[in-house]
Each structure stands twice: as C-alpha cells, then as structure tokens.
Amino acid sequence: MKHIRIFAALLVLALLAGPTGACAKNLKLPMDFSGGTKPQRTYEIGLMEYEDPSIHVTRQSERPILPDGKETRLYVLRVKIADASQLRTLSKQGFDKIGRVGKIEVMANRVNAVVAFNGDYFFGDAKRFVLRQGTVFKESMGPNQDILLIDEDGDFHVILAEEHPEEMDKTQINGKKVVNALCFGPALIKNGERNTNLNTAPLYCDPEKKTERLVLCQIGPLEYMVVACAHRGLALSEITDMIYWLEPNVQQAYNLDGGISTQLLFLGRRINNTSSQDVRDLADIVYFASAYEPD
C-alpha cells in the first residue's frame, strides 16, 4: 500500500506540472518587423550568459596582444538560436524611409532584443540593395560591393564583388528564400577562407585604418558570433586574425558599420567602448530575439 500511495502522489504531481510544461513553448517569430518575446531576465553588471529554451548567449571580453606589442580589447557575444526567425533586422522608422535615425537602445527595447548591434546604414549609399525581413525595399546595387545574404534557415551566403552580385537574383539562393541582405562589407571570411580583397565599397570603410569595427559571423547551423573591437581599433586584416583566434572554424564573417556606429548591446545594455563618449544614432540594427513563451 505504501508504494501505491507514493506512486499516486507522484502521478498527481506530474498531472499538476503537465499543463505548465505543455504551455511553455518556442515560437517561430513572424516574418515582419515585430519583435521577439520578452527575455526572462534583465541585464546585471557582470552578467556573462543568458539562456532560455530558445536562445543561448555567452559573453566574453578579451585583451589580446597584437604583433606590434600593443594590446587591444575585443567584445564578443556567441549566440545559439532554436529557429532562424530569431535573427532579425529593424530600422528606426521603416526601410522605405530615408534619413530617420535613432538610439539603438530604443530600437532594441522596442523588439525585446537579447542581442542587438548596428546594421549597415542602409540609406548611406544610393546604390545599395535593401532586403529586410523578406521584403525588397530597393533593388538597385552598384558594382564593387560584397554582400551578405541570410536565408530562411539562418545560413549566411557571402557573395564577393568579383562574383557580380549586382547582376544576380538576391531574393533566393540555393533554392532557399533570402530573408535579410546586408550590404556594407567587405566580407572578411567566406566558407572558412580569408578574403584578401578588402578594397570593395564603401570607401569610408578604410581597411587599413585602426578604428572600431563590428563583424557578424556564422560558426555553425543557427550558431553565430558578433565581435566588436574597442576604441584603440583594428585594421580589417587584424580583426580577421582576431576572429580566427577566437573561432578557428568560423565559416562566414562580414564587416558592418564601424567607428562610433559600433554598438553592441546585451539585454539592452551597450557593452563596448568607442573613441567618443557620444555614439552615433543609427538607421538600422540587426538583432537576436527570444522565441520562448512561458505559460
């Protein structure tokens, strides 16, 4: 009888817990400019990790020594998501609006971003292809530009300038729909191999200049890394070295807007330093959101 009573008690507990477990779920976020679900915790000083059933983020700060003996500082967020819809883009007031900029913290908070960072300043060049959240807002694209296509499975496809992306259909690749296209560059790594031509547009990228940089990388299926360097700054070849040092198996790495546009947020708090106490208002952001909905 004692064993029967224990079994009955466990069964009651399981039934009570059952609905809670059944209601908690991961969602596929909609293909629009709405955001994710609210993160399960807020930022705290010293917080190095965030995890819920749909997203896992780890934070690290490194101070590697460069070949010239000087120290640099890297801010790194590694992100693993459950569904490709959690990698998203947003503009201040619509990708069809020119000249609208705002604070990254405001944009990130609006969409419940777990990780957010500066995008590609989409209206900074008249000859720039703009495709965001599955919608094409501007079709024209000038020559001599590397482009990053992100497909419906969350996989990155780097198209180098020498492959003439301006002449190709950029709404699909390898039979899959392109959800977001980033058009800043240059590409630093394609299919695990270093890109040696860093002189593609935009001109203000200045590959040899030691400045703040931010690079978006894919390191595996639904697994990514965002790397920013501090105000002392790195040339593009140097930050490429740092990316390989951090993650030797990196598959794709693409340079985004830099300088005082370099802004990396974790749970709404900017975690990188720039050369100025003031940071630039941004036209657009890239972000990772939670898709976990508790009961």
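Starting from 1, each residue takes its place in the sequence as its number. This is a predicted model, so every value here is computed, not measured. Computed over heavy atoms, backbone and side chain alike; hydrogens, waters and symmetry mates excluded.
Residues in residues 94-109 take part in these side-chain hydrogen bond (donor to acceptor under 3.5 Å, both in side chains) pairs, two or more places apart or across chains: Gln93-Arg100, Lys103-Asp281. Among pairs with a residue in residues 37-47, those fulfilling side-chain hydrogen bond (donor to acceptor under 3.5 Å, both in side chains) read Thr37-Ser290, Arg41-Glu44, Tyr43-Arg59, at least two apart in sequence or across chains. Within the structure, ring-ring contact (aromatic ring centres under 6.0 Å, His included) pairs that include any residue of residues 240-261 do not occur (at least two apart or interchain).
Listed by chain and number, the residues in a side-chain hydrogen bond (donor to acceptor under 3.5 Å, both in side chains) with Thr72 amount to none (sequence neighbours excluded). Qualifying side chain to side chain contact (heavy atoms under 4.5 Å, CB included) partners for Arg73, counting only residues two or more places apart in sequence or in other chains: Ser61, Arg63, Tyr75, Ala230, Asn273. Residues passing the side-chain hydrogen bond (donor to acceptor under 3.5 Å, both in side chains) test with Gln252, sequence neighbours excluded: Asn191. For Met31, the side chain to side chain contact (heavy atoms under 4.5 Å, CB included) criterion is met by Gln133, Val179, not counting sequence neighbours. With sequence neighbours left out, the side chain to side chain contact (heavy atoms under 4.5 Å, CB included) criterion links Thr58 to Glu49, His56, Arg78. Annotation: side-chain hydrogen bond (donor to acceptor under 3.5 Å, both in side chains) contacts of Asp153 (sequence neighbours excluded): Lys176. Every residue meeting the side chain to side chain contact (heavy atoms under 4.5 Å, CB included) condition with Ala161, not counting sequence neighbours, appears here in chain and number order: Asn144, Asp146, Thr200. Applying the side-chain hydrogen bond (donor to acceptor under 3.5 Å, both in side chains) rule to Asp284 yields the partners Arg132; only residues at least two apart in sequence or on another chain are considered. By the salt bridge (Lys or Arg N to Asp or Glu O under 4.0 Å) test, Glu238 pairs with Lys210, sequence neighbours left out.
For the side chain to side chain contact (heavy atoms under 4.5 Å, CB included) with Val136, the lone residue among Leu131, Val178, Val130 that qualifies is Leu131.
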